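As the structure is a prediction and not an experimental result, all values here were calculated from the model. All ligand and atom numbering here is 1-based and tracks the order in the structure. Side chains are part of it too, since the values below use all heavy atoms of this structure and drop only hydrogens, waters and symmetry mates.
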Amino acid sequence: MSIRPARQYAPFELQRQELVSLLSSRGIHDSRVLQAIGAVPRESFVPPALVTRSYEDSALPIDNRQTISQPYTVALMSQLLCIEPGHKILEIGTGSGYQAAILAQLGAVVVTIERHPLLSQKARTILEQLGYSATCRVGDGTIGYREGGPYHGIIVTAGAPDVPEPLAKQLQIGGRMILPIGTLEEQRLYSVVRTGEEAWKATDVGPAKFVPLIGRSGWDE
Ligand code: SAM
């Protein structure tokens with residue numbers, strides 16, 4: 001019989017700094033976003049059984065057959081939002097709450113909507129425990145949250161068939177929405193800037209792969 005020694009892991013702080021270096025080498029250049037990734041404990045948002053994989057640059061499963069997004073995707077979308085402290089940011093798809101924590105760490109005033117009550121409740125608890133302020137709402141995020149807007153930025157962390165019109169209308173002029181658009185299998189990431197009362201300009205940022213955005217202006221359940 002052979003007893004294998006337990007695998008040794010670097011402390012989470014060290015793993016977090018290694019992740020920051022990796023994201024920097026992959027093209028994330030906004031130093032405030034890199035600092036936020038270096039500050040938010042991703043291990044707090046990952047299911048206990050997967051905690052040793054917290055700093056892999058990969059999406060991981062969470063409850064309700066959803067995922068916590070890949071750190072590179074979180075960093076890229078945060079960078080594309082061009083957040084300044086005090087900006088009002090609406091997130092659709094709270095999931096684990098990790099992206100919301102990054103937005104809050106960047107100084108945004110965050111409203112985040114999740115369709116699964118269990119995920120929203122868990123995210124709210126973790127965000128509170130870590131001292132991040134974010135308004136967590138349960139519901140169909142494709143209709144947005146008009147009362148909290150207009151927003152400087154909207155981030156949709158699930159793949160949509162098209163730009164949800166209610167969200168486009170809740171952007172302030174000059175504001176931008178970052179969202180994946182495409183089929184259920186694969187999407188492209190878009191940055192959509194509201195350029196006027198009835199004018200928007202969309203830029204294709206690259207390939208993406210997300211779980212589906214399900215709702216009135218999304219996919220059917
Ligand atoms: N931002 C999350 C994080 O940091 O862990 C990852 C989100 S996960 C990739 C996408 C989430 O979008 C899922 O939790 C899913 O339930 C949610 N979702 C899908 N359609 C939605 C809708 N119409 N409104 C709100 N949330 C939705």
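A side-chain hydrogen bond (donor to acceptor under 3.5 Å, both in side chains) with Lys122 holds for exactly one of Thr94, Asp63, Asn64; it is Asp63.
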What's the verdict on side-chain contact (heavy atoms from CB on, under 4.5 Å) for Thr135 and Tyr145, showing C-alpha distance, side-chain angles and the deciding distance?
CA-CA 11 Å; Thr135 303; Tyr145 179 55; 5.6 Å; no
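Counting heavy atoms from C-beta on, the side chains of Val111 and Lys88 never come closer than 4.5 Å. Using a 4.5 Å heavy-atom threshold, the side chains of Arg188 and Ile181 count as separate. In this structure, Glu197 and Ile173 have side chains that are in contact, with non-hydrogen atoms separated by less than 4.5 Å.
Within 4.0 Å of ligand 1, contacts by protein heavy atoms are made from Gln66, Thr67, Ile68, Ser69, Glu91, Ile92, Gly93, Thr94, Gly95, Ser96, Gly97, Tyr98, Gln99, Ile113, Glu114, Arg115, His116, Leu119, Gly139, Asp140, Gly141, Thr142, Thr157, Ala158, Val211, Pro212, Leu213, Ile214.
Side chain of Arg16 to backbone of Ile37: no donor-acceptor contact under 3.5 angstrom is found.
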